[in-house]
Protein chains: 2
Amino acid sequence: MITNMEKIKTLLEEKGIKPTFQRLKILEYLSNNLNNHPTVEMVYEKLLNDIPTLSLTTVYNTLNNFLEKRLVFGVTITGTEVRYDFNTDYHHHFLCKKCGQIIDIDLKCAYAEGEKGIISGHRIDEIHGYFKGICKDCSKNVGKKSRGRSSS
Amino acid sequence: MITNMEKIKTLLEEKGIKPTFQRLKILEYLSNNLNNHPTVEMVYEKLLNDIPTLSLTTVYNTLNNFLEKRLVFGVTITGTEVRYDFNTDYHHHFLCKKCGQIIDIDLKCAYAEGEKGIISGHRIDEIHGYFKGICKDCSKNVGKKSRGRSSS
DNA sequence: TCCATATTTGTAATCATTTCAAGCTTGTAA
DNA sequence: TTACAAGCTTGAAATGATTACAAATATGGA
Ligand SMILES: [Mn+2]
Ligand SMILES: [Mn+2]
Ligand SMILES: [Zn+2]
Ligand SMILES: [Zn+2]
């Protein structure tokens with residue numbers, strides 16, 4: 001049988017990226033955290049356990065490399081940090097302005113189905129659809145302590 | 001007849017914002033630069049001519065105030081800076097990865113027409129639709145000097 | 001006028017990201 | 001096997017955007 005790590009390695013090789021230990025671990029981490037949309041810092045902190053010598057610069061370099069090769073998707077919804085998404089199938093996102101979590105939103109959208117091509121003469125490479133508001137949980141727990149970061 | 005400045009003043013008062021000189025000038029600048037989607041720095045630099053004592057902090061404070069009151073719309077497409085849009089009617093944006101300019105895109109979208117309300121149980125306050133790619137001009141002028149900033 | 005309050009300002013701090021140069025690996029050719 | 005070049009990784013310093021903070025200034029009544 002094929003291990004998950006072998007699949008990760010294949011993904012890198014398909015994009016012409018040499019599968020170094022650091023790159024494998026970073027991509028593996030993203031693949032195991034599809035719902036977190038982690039920041040650079042989150043990737044770095046978690047992987048320090050596995051790779052005590054890991055450099056934050058390497059995480060930045062690697063993630064930028066992955067972005068360029070379209071191996072991951074960059075979510076810039078907060079405006080202050082990039083969050084990384086292993087799921088490159090087009091989908092919308094929702095940012096809760098109270099607890100800060102980013103949630104996947106699946107909905108039909110005319111431009112969602114790989115329809116890239118040309119719009120108004122401009123060549124389209126990436127499509128981003130975002131919503132901001134208050135999430136289901138935070139709407140319920142009004143006045144109660146939120147379980148994540150606050151952005152207010 | 002009603003001057004443009006009087007309209008700007010009314011907009012501020014309607015949102016309960018005291019129309020100080022700085023605030024009037026900042027909102028006026030945004031209203032005259034609908035197609036630029038200016039950065040904080042651009043607003044600051046231009047207004048220094050009119051208000052030599054202007055502080056960058058005031059521009060930040062004022063624009064954050066305008067954002068909270070929904071007087072302007074924040075475009076976070078680049079991931080590294082907020083760009084401000086006087087046009088709060090819902091519309092999509094396009095970022096050229098070559099020259100860096102942000103262009104308005106008008107197109108029909110199921111979620112574009114003030115349909116905020118609830119999605120998947122989450123309360124929606126803001127809707128953002130972005131595209132990234134290479135703009136019409138930059139596609140033409142391959143190899144030629146671009147007329148704006150480069151992001152590559 | 002005097003005072004309370006809101007606003008503006010300048011500086012310093014913070015936070016994310018990039019730059020850069022030095023050290024480390026790895027593959028390959030002598 | 002040794003030697004070297006190319007690619008990778010690392011840590012420190014630099015950059016850029018934004019926020020925190022406290023002092024200075026303006027405003028609008030009592
Ligand atoms: Mn996602
Ligand atoms: Mn716009
Ligand atoms: Zn929430
Ligand atoms: Zn362009």
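The sequence lines fix the lettering, A, B, ..., with proteins before strands; numbering per chain opens at 1.
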Q. Does A:Tyr60 have a side-chain nitrogen or oxygen under 4.0 Å from the phosphate oxygens OP1 or OP2 of C:dT18?
A.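 For A:Tyr60, the contact criterion (side-chain N or O under 4.0 Å from OP1 or OP2 of C:dT18) is not met.
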Q.
So, OP1 or OP2 of D:dT18: does either fall under 4.0 Å of a side-chain N or O from B:Asn64?
A.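 No, outside the criterion.
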Listed pairs under 3.5 Å, donor-acceptor, residues 40-61 of chain A side chains, sequence neighbours left out:
unit_1, atom_1, unit_2, atom_2, d
A:Asn49, ND2, A:Lys46, O, 3.2
A:Ser55, OG, A:Thr57, N, 3.0
A:Asn61, ND2, A:Thr57, O, 3.4

Q. Is it true that A:His93 and A:His37 have ring centroids separated by less than 6.0 Å?
A. yes
[N] [atom2] sits how many Å from [X] [atom1], rounded?
{"X": "B:Leu67", "N": "D:dT18", "atom1": "CG", "atom2": "C1'", "result": "13 Å"}
{"X": "A:Leu24", "N": "D:dC8", "atom1": "CG", "atom2": "P", "result": "13 Å"}
{"X": "B:Arg83", "N": "D:dG16", "atom1": "CZ", "atom2": "P", "result": "16 Å"}
{"X": "A:Met42", "N": "C:dA16", "atom1": "CE", "atom2": "P", "result": "12 Å"}
{"X": "A:Leu12", "N": "D:dG7", "atom1": "CG", "atom2": "P", "result": "18 Å"}
{"X": "A:Glu68", "N": "C:dT17", "atom1": "CD", "atom2": "C1'", "result": "14 Å"}

Q. Counting N and O atoms only, with roles assigned by atom type, does the side chain of B:Arg23 sit under 3.5 Å from a partner on the main chain of B:Lys18, one being a donor and the other an acceptor?
A. yes
Q) Going through the distances and angles, do A:Thr3 and A:Glu6 end up as a side chain to side chain donor-acceptor pair (under 3.5 Å)? A) CA-CA 5 Å; A:Thr3 68; A:Glu6 284 171 309; 3.2 Å; yes
Q | pair B:Leu71-B:Leu12: side-chain heavy atoms closer than 4.5 Å | A | yes
Q: Identify whether B:Ile127 and A:Ile105 are in the same connected component of the hydrophobic contact network (ILVMFWY, side-chain heavy atoms under 4.5 Å).
A: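 Yes; A:Ile105 is reachable from B:Ile127 via cluster members.
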Each nucleotide N or O in nucleotides 4-14 of chain C that has a protein N or O under 3.5 Å away: list the pair and distance.
unit_1, atom_1, unit_2, atom_2, d
C:dT7, OP1, B:Arg23, NH1, 2.9
C:dT8, OP1, B:Thr20, OG1, 2.5
C:dT8, OP1, B:Gln22, OE1, 3.2
C:dT8, O3', B:Gln22, NE2, 3.1
C:dT9, OP1, B:Gln22, NE2, 3.3
C:dT9, OP1, B:Thr53, O, 3.1
C:dT9, OP1, B:Thr53, OG1, 3.1
C:dT9, OP2, B:Ser55, N, 3.3
C:dT9, OP2, B:Thr58, OG1, 2.9
C:dT9, O5', B:Thr53, O, 3.3
C:dG10, N7, B:Thr57, OG1, 3.3
C:dG10, O6, B:Thr57, OG1, 3.2
C:dT11, O4, B:Thr57, OG1, 3.2

Q.
Looking at A:Lys15 and A:Glu13, is any side-chain nitrogen of the basic one under 4.0 Å from a carboxylate oxygen of the acidic one?
A. no
Q. Near DNA chain C, under 4.0 Å by heavy atom, which residues of residues 25-32 of chain B?
A. none
Q: Please report the C-alpha distance between A:Asp106 and A:His91 in whole Å, then the side-chain angles of each, then the deciding distance to 0.1 Å, and finally whether the side chain to side chain donor-acceptor pair (under 3.5 Å) criterion is met.
A: CA-CA 6 Å; A:Asp106 283 311; A:His91 58 288; 5.7 Å; no
Q: Determine, step by step, whether A:Tyr130 and B:Tyr130 satisfy the ring-ring contact (aromatic ring centres under 6.0 Å, His included) criterion, reporting the C-alpha distance in whole Å, the side-chain angles of both residues, the deciding distance to 0.1 Å, and the verdict.
A: CA-CA 8 Å; A:Tyr130 300 149; B:Tyr130 300 148; 5.7 Å; yes
